[in-house]
> 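This is the structure, below, for whatever I ask next.
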Amino acid sequence: MLFAIGLLIAHLSALPTSLAVINLTADMLDQEILDSLLGPDAKYDQRVSPMPNRNEPVIVTVDLYILALSSVDVIRMSFDADFVVRQRWLDRRLNFEKARDHGNHYIAGTPALAQSIWRSDLFFVNARDAAWHEVTRPNTLIRIFPNGTVQLNQRVKASFSCQMQLSAYPFDTQNCQIELGSFGYTNTELVFLWKPDAPFTINTAIKLPQFKLRDYIRTEIYQTAHYTGKFSYLRAYIKFDRDYEYHVTQSLMPCVFLVICSWVSFWLDSEATPARVALGVTTLLAIYTQSAAVRFSLPPVSYLKAIDIWFLICVVFIFGSLIEFALVNYFTRRSLKNPAKHVRSGSFTDLSMKQPSRASAEIDAERTADGDVKTHLTRRLTTVKKRFKKVIDEDRKKAKTIDVVSRVLFPVSFLVCILVFWCVYYVNNDDQ
Ligand SMILES: *[C@@H]1O[C@H](CO)[C@@H](O)[C@H](O)[C@H]1NC(C)=O
Ligand SMILES: *[C@@H]1O[C@H](CO)[C@@H](O)[C@H](O)[C@H]1NC(C)=O
């Protein structure tokens, strides 16, 4: 910055009062002044820069006024801006101080005047596409001050590329830039500087649908070296803060509700298989549909985004509740399916081992003490039944315990996950 000011002062002090080989007299009309400055006799050549025979660069001070911002597009990684670019430089050949004895009025010209004088070859480094506004006339303001200072304002609409980082999406902040510089003049011929006061202003009325604009605006001057020479560039930063409220209500909260829905299963009867499976599967499918909808609005980046992690948490919890049901169901049906295997008391085995000799035993019993054996067998059967019931009840109890534990375990661990997620992404984002 200091270097720039020094350059400007050195440059101004070295100026002769007037180079124009014209006769300027006091209180000439603007037309006469222009004729004498730019007419055929004046030998003004717009092809050469205002510093034709010097080793000093032309200093062009620039400021930008953003009128509108729109289409901050994460898929195309670009944003559109409608703005006025204001340039000011000194062209000693246009000095008409002699004709302005009274007052310091500038000459306001039409776009045609701008066409007839030397102008910088400013271009937007990161613009994908840009155009001047030409309705109803080219949106150009040109003023020539008596001391030869030229003020040129032009309105531009452009689409700028912006490398967006989506790893914190939807809690992300995008740092976009507008870069401008001279296309053809190296920094020994032309230097762009930001206007010292208010180099970059944004219309405060701008409202973006998904972003908030940070007040914090930064500008910088930098140079780029190519084999054709070093070029002077300017850069202005715009910070877009994503409005995460929309995403919280549209994607994050529904996901939480779906997970809570899947927990309803823990309160349902362990034998209500269709209900519990249907609940788990439908919530899982709903989550997938939800995350697909979000995925479509984002570019396929190779890294994980915050929203992916969020959906992953939800999917894991819903999947977990399905697995929990599988476990519960297994315990409920284990003893029913293969009772003998699980009844270790021996009642069943006794019975089955005795089976081959049962007929003879029965015959014996009938022969000897008919009623006795019958009561013995029924007693035995009832104990087996009782035992069996006990085993089933034990397994049922196990299943029930899994459900009861899950009722607490799932919500608590989900809450912990949410808190960790929130801390990592939201609090982190606030620090930026
Ligand atoms: C400037 O004015 C003087 C006197 O009026 C005149 O002799 C001279 O030719 C003029 N020069 C030009 C370039 O018009
Ligand atoms: C020329 O005049 C303009 C407008 O009055 C002023 O802002 C600028 O500082 C002047 N430049 C010089 C070199 O005197």
Side-chain angles (χ1 to χ4, degrees), residues 1-38 42 44-46 48-65 83-122 139-155 180 182 185 187-201 219 221 232 234 236:
M1 196 63 227
L2 271 176
F3 161 76
I5 291 170
L7 209 63
L8 192 67
I9 289 167
H11 159 77
L12 293 178
S13 55
L15 291 177
T17 45
S18 174
L19 273 188
V21 276
I22 41 165
N23 282 340
L24 282 167
T25 51
D27 289 329
M28 284 168 82
L29 293 173
D30 284 0
Q31 181 203 336
E32 290 168 344
I33 294 171
L34 288 178
D35 275 346
S36 59
L37 291 175
L38 301 167
Y44 181 92
D45 192 344
Q46 61 157 309
V48 292
S49 83
M51 296 285 161
N53 306 313
R54 289 172 171 273
N55 293 329
E56 291 160 29
V58 183
I59 291 178
V60 180
T61 48
V62 177
D63 72 287
L64 298 178
Y65 176 63
F83 58 99
V84 178
V85 49
R86 303 172 177 144
Q87 302 179 68
R88 186 178 269 231
W89 67 91
L90 188 67
D91 191 341
R92 289 163 297 127
R93 297 169 295 180
L94 298 177
N95 186 307
F96 59 94
E97 272 167 333
K98 281 185 186 156
R100 281 285 190 262
D101 279 354
H102 312 295
N104 189 23
H105 299 301
Y106 56 78
I107 296 174
T110 59
L113 175 61
Q115 298 289 330
S116 62
I117 61 167
W118 177 89
R119 285 164 297 151
S120 73
D121 60 345
L122 182 144
N139 292 186
T140 304
L141 171 153
I142 178 144
R143 286 174 186 168
I144 302 174
F145 292 92
N147 63 11
T149 299
V150 180
Q151 173 80 50
L152 177 67
N153 296 6
Q154 285 162 300
R155 191 172 156 210
L180 52 95
S182 165
Y185 294 110
N187 63 359
T188 54
E189 293 145 4
L190 192 153
V191 168
F192 280 113
L193 295 177
W194 285 114
K195 187 167 155 258
D197 56 312
F200 184 46
T201 37
T219 53
I221 300 166
S232 127
L234 299 181

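Residue numbers count from 1 along this sequence. Counting starts at 1 for both ligands and their atoms, following the listed order.
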> Could you check if a side-chain atom of Leu34 sits within less than 4.5 angstrom of a side-chain atom of Leu29, using non-hydrogen atoms only?
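In short, these two side chains do not touch, never coming nearer than 4.5 Å.
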> Is Arg88 touching ligand 2 with its side chain, its backbone, both, or neither, if touching means heavy atoms under 4.0 Å apart?
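Arg88 to ligand 2: side-chain contact only, backbone stays beyond 4.0 Å.
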> Any idea which atoms of ligand 2 are less than 4.0 Å away from a heavy-atom of Thr149?
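Contacts of ligand 2 toward Thr149, numbered from 1: 1 (C), 10 (C), 11 (N).
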> Out of Ile144, Asn147, Leu90, whose heavy atom is nearest to atom 11 (N) of ligand 2?
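The option holding the nearest heavy atom is Asn147.
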> Is there a donor in the side chain of Tyr44 and an acceptor in the side chain of Asp91, or the other way round, less than 3.5 Å apart?
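Yes, side-chain donor-acceptor contact under 3.5 Å.
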> Relative to the heavy atoms of Phe145, which atoms of ligand 2 are at a distance of less than 4.0 Å?
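Taking each heavy atom of Phe145 in turn, ligand 2 has 4 (C), 5 (O) under 4.0 Å.
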> Regarding Gln87 and Thr61, do their side chains bring together a donor and an acceptor under 3.5 Å, going by distance alone?
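There is no such pair between these side chains.
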> Could you tell me whether the side chains of Asn187 and Glu189 share a donor-acceptor contact shorter than 3.5 Å?
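Looking only at side-chain atoms, Glu189 and Asn187 do not form any donor-acceptor pair under 3.5 Å.
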